[in-house]
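Every number for a ligand or one of its atoms is a count from 1 in the order of the listing. The shown structure was predicted, so the numbers you read here are calculated from the model rather than taken from an experiment.
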Amino acid sequence: MKKLLKWLLPLIAMFALGFTQSNTHQVQAATSRLSAIKSRGYIVVGLSADYAPLEFHATVKGEDTIVGADISLAKQIAKDAGVKLQIKEMGFDALIGALKTGKVDMVISGMSKTPERAKQVDFSEPYMYEKQIVVIRKADKDKYKNVADFAGAKVGAQKQSTQEAIAKAQLPDAKIQSLQKANDVIAQVSYNKLDGGVMSSIIAGAYVQKNKSLMMVDPHFATSASPTVVALPKGDTALTAQVNKTIKKVKSQKLWAKWLDEAYTLQNQSDSFWTKYGSFFIKGAINTLIFALLTVIAGTILGTFLALMRRSKLWILKAIAVVYVEFIRGTPLMVQAFIVFFGTQVLGISLSAFAAGAIAMGINSGAYVAEIIRSGLNSVPIGQTEAARSLGLSNSQTLKSVILPQAVKNIWPALGNEFVTDIKESSVLSVIGATELMFEGSTVQGASFQPFFPMMIVALIYFVMTFALTRLLGVVERRFN
Ligand code: ARG
């Protein structure tokens, strides 16, 4: 019982701390952010760039850029407020959370106004209206015409979107599949994985034009057009007023139609696959290597400390190390990445997705490396310690000159494996928007309307990296022996 308490207390303290922190934060959020934006000189807009022509990736002057009508609107808002624009890309389902924790100042992501969201955030005046339709394969033209025809069909929609809600409520006899990205819906319909996808007509229209095997049907959902709005922090009237001022201007000067046209042009530019997307893969691969490298370095330092703490005679050090290792190994990296990304924000530290991802990976890897080092140390027979001690060496001398040199031989290969694992594991960080290889690959999937080919390239790049590294480590290992 006492032993259990020793472990539980630090844990409880940790959670209690987190709790009070998140409470104080909500009080702070009540004051306007407009002045903070102005003094820092830039506005942070959150979005999910999978929604052409509103927000999507395109190659502009050889560079991967987020473009679209929503981006033009965001630029206009920033310009009218006299500040620069910074875009933070993340999954659509993470946007409201990001806004509530202050990760972003506003969300401009084709977001519809709904009563549920209105409980959490405030909205600007609408700047567009969305009509919801279903995308199907042309071959199924006669099969799906009305809502009732979708009974038993597999229908997809983007996670946490109004389309998902409509699908669930109005196609109760269909099997609804929620997907991370809006383009995934299209891709899965065209690849026969889904029979239909609920989408906004303006988005689907752009896709259907490109993909000749698809078409739109209007099954007459019992929902009128949904207003598209900017989402803003709750109760921030000054910021909302500022945004509404811009929207009013956009309407009176008919800017929206012009911005949509510009977006269509960008969407339909015709370059070869490689000129368009080659840079995405290169950038992703480099960042993945950087992530993995940072992770082994941080993990090794942290893991060494943890392993030594675990051997310590002080129970508190030992307990911290045990709780840490067990907790980290008992929770998924993806969850840890979210906790670091949003948790630091709650504590008032604004980290980029890249920094948060690297920290989460380091924290995660530290636990595994600790175990690698611990078992490496343990693998040295106890007789060695006894012999060294009887020769008059101190405890730390024994560790340094007798145990460690032998342990390293066992630790090295496992540490190398950890490096290889980190290269692959970092793919999880795409969920918080860290621009590693997986993230870049799925961006290409969306932008190119090709769900399969980009992932094959991604797989090949991962393989080349891990295979080369394994070989390299093998050479070093043989040298050791
Ligand atoms: N209008 C829908 C909603 O508010 C979908 C928006 C999706 N936006 C995006 N960038 N993927 O739920």
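Judged by the 6.0 Å distance and 45° axis criteria, K181 is not positioned over the aromatic ring of F56.
A centroid separation of less than 6.0 Å is found between the aromatic rings of F453 and F273.
Taking a 6.0 Å sphere around NZ of K88, one finds it holds more than 12 heavy atoms contributed by other residues, nucleotides or ligands.
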Practice item. Please test D80 against K249 for salt bridge (Lys or Arg N to Asp or Glu O under 4.0 Å), starting from the C-alpha separation and ending with a verdict. Key: CA-CA 10 Å; D80 291 349; K249 184 163 105 186; 3.0 Å; yes

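In this structure, CD on E125 lies 9.5 Å from NZ on K248, to the nearest 0.5 angstrom.
Within 4.0 Å of ligand 1, protein heavy atoms come from S48, D50, Y51, E55, F92, S109, G110, M111, S112, R117, E130, Q158, S161, T162, Q163.
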Just distance, no hydrogens or angles: give the donor-acceptor pairs under 3.5 Å from side chains in residues 140-159, sequence neighbours left out.
from: D140; atom 1: OD2; to: R137; atom 2: NH2; distance (Å): 3.3
from: D149; atom 1: OD2; to: K145; atom 2: N; distance (Å): 2.6
from: D149; atom 1: OD2; to: N146; atom 2: N; distance (Å): 2.8
from: Q158; atom 1: NE2; to: D50; atom 2: OD2; distance (Å): 2.8
from: Q158; atom 1: NE2; to: Q180; atom 2: O; distance (Å): 3.2

